[in-house]
There are 2 protein chains.
Amino acid sequence: MVVHGFDEEAADRVFHALANATRRDILRRSFETDLSVSQLAEAYDMSFAAVQKHVAVLERAGLVSKENQGRERLVKAEAGKLLWARQALDDLEVTWRERVDQMSDLLAGDSGQ
Amino acid sequence: MVVHGFDEEAADRVFHALANATRRDILRRSFETDLSVSQLAEAYDMSFAAVQKHVAVLERAGLVSKENQGRERLVKAEAGKLLWARQALDDLEVTWRERVDQMSDLLAGDSGQ
DNA sequence: CTATAGTCCAACCGTATGGTTGTACATGGG
DNA sequence: CCCATGTACAACCATACGGTTGGACTATAG
C-alpha cells in the first residue's frame with residue numbers, strides 16, 4: 001500500500017522531462033512523425049550525444065519509446081503518458097474545483113440557508 | 001516577433017516547478033486553503049528556509065502568489081497558471097490529435113476516395 | 001570483409017538545484 | 001519598549017543537470 005494517490009517519482013520524471021524546451025520540441029516532432037535519433041539530432045545546434053540524452057530523459061519518463069528498425073531507433077511519442085500528465089495537473093486542483101463547483105451550486109440557489 | 005508560439009522559458013519554469021513532490025504538495029494545499037509560509041513549513045520534514053525556497057520557485061513560475069497579511073505572507077494558488085500548463089501540454093500533441101481526428105473523419109467515410 | 005552510418009556509453013566540466021545554517025529585519029502582543 | 005514570531009536572504013555544500021569529446025558496438029552497403 002502506497003501513501004500517495006499516484007506515483008510521485010513518475011510525476012517527478014515526467015514534469016522534469018517536460019521542463020526543457022529541446023525536449024518539448026522533440027516531443028512535438030515525435031507526435032508529428034516517428035523519427036530516428038539522428039534525424040532528430042539534425043534539428044538542433046548541439047551534439048548527437050546531447051540529443052540522445054534528451055531522448056533518454058523522455059524515455060525514462062515514459063513520454064516516448066524507441067522501436068528498433070535495423071540500425072536506427074525510431075522515437076515514438078506516447079500520447080497516453082501525456083494524458084496521464086494532464087490528469088496529474090488536474091488532480092492538483094481537485095479540491096479547488098470541487099469548491100468552485102459547490103459555490104456554483106450555492107449560487108444556483110438550491111440550499112434553504 | 002517571436003519564433004515560438006508561446007513563452008518557452010515560462011514553460012521551463014512552470015514544468016520545473018511542478019517536477020518536485022514537495023512543491024506539488026504545496027500547490028495542492030494552497031488550492032485547499034490559503035496558508036502562510038510557516039504554516040506550510042510545519043507540514044514538511046525540512047527547514048523553513050527550504051520550504052521558503054520551494055514557494056519562491058512556485059512563485060517565479062506564476063503558480064502561486066503571496067499576499068501580505070500583517071507579518072505573515074499568505075500563499076495563494078493561481079488556478080489560471082495551472083490551466084495554462086494544461087494548455088501547453090495539449091499543444092504538444094495538437095498535430096497528433098489533428099491526425100487522429102482526420103483518421104476518425106476518414107473512418108466516418110465521407111471522402112469520395 | 002571493410003567501411004560507414006547510427007547508436008550507446010563513460011568521463012569530464014561548469015552551472016543549477018535542493019538542502020543546510022546563520023543573520024537581519026519587520027510586525028504584533030504583553 | 002521589548003521580545004517572540006514570521007519572513008527574507010546570503011553563504012555554503014553535495015549532487016544532479018546539460019553540455020562536451022572520445023571510444024565501442026551493431027547493422028547495412030559495396
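The sequence lines fix the lettering, A, B, ..., with proteins before strands; numbering per chain opens at 1. For the numbers below, each heavy atom of this structure counts, side chains included, while hydrogens, waters and symmetry mates do not.
Within residues 12-47 of chain A, the residues that place at least one heavy atom under 4.0 Å from DNA chain C are, in residue-number order, A:Ser36, A:Val37, A:Ser38. Near-neighbour residues of DNA chain C inside residues 51-60 of chain B, defined by a heavy atom below 4.0 Å, number-ordered: B:Lys53, B:His54.
Summary of the strand contacts: B:Glu72 and A:Phe48 both lie near DNA chain D, and taking for each the nucleotide with the nearest heavy atom, the more 5' one is attributed to B:Glu72.
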Atom pairs under 3.5 Å, N or O on each side, protein against nucleotides 22-27 of chain C: can you list them with distances?
unit_1 : atom_1 : unit_2  : atom_2 : d
C:dT27 : O2     : B:Arg71 : NH1    : 3.2

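Contact annotation: the side chain of B:Ile26 approaches that of B:Val51 to within less than 4.5 Å [non-hydrogen atoms, C-beta and beyond]. Inter-residue side-chain proximity for A:Lys66 and A:Lys76 is flagged as unmet; no heavy-atom pair is nearer than 4.5 Å. Contact check for A:Arg29 versus A:Asp25: side-chain heavy atoms found under the 4.5 Å cut-off. Two residues are said to be in side-chain contact when any heavy atoms from C-beta on lie closer than 4.5 Å; A:Thr22 and A:Met46 meet this criterion. By the 4.5 Å heavy-atom criterion applied to side chains, A:Leu58 and A:Leu18 are not counted as neighbours. Contact of the B:Arg86 side chain with the B:Asp90 side chain is registered, since non-hydrogen atoms from C-beta on lie closer than 4.5 Å.
Screening residues 12-21 of chain B for side chain to side chain donor-acceptor pair (under 3.5 Å) gives A:Arg24-B:Asp12 as the qualifying pairs, with residues at least two apart or on separate chains.
Under a 4.0 Å N-O distance rule, the pair A:Arg73/A:Glu67 does not qualify as a salt bridge.
In this structure, A:Lys53 has no side chain to side chain contact (heavy atoms under 4.5 Å, CB included) partners at least two apart in sequence or on a different chain. Listed by chain and residue number, A:Thr95 satisfy the side chain to side chain contact (heavy atoms under 4.5 Å, CB included) test with B:Glu32 (two or more places apart in sequence, or in another chain).
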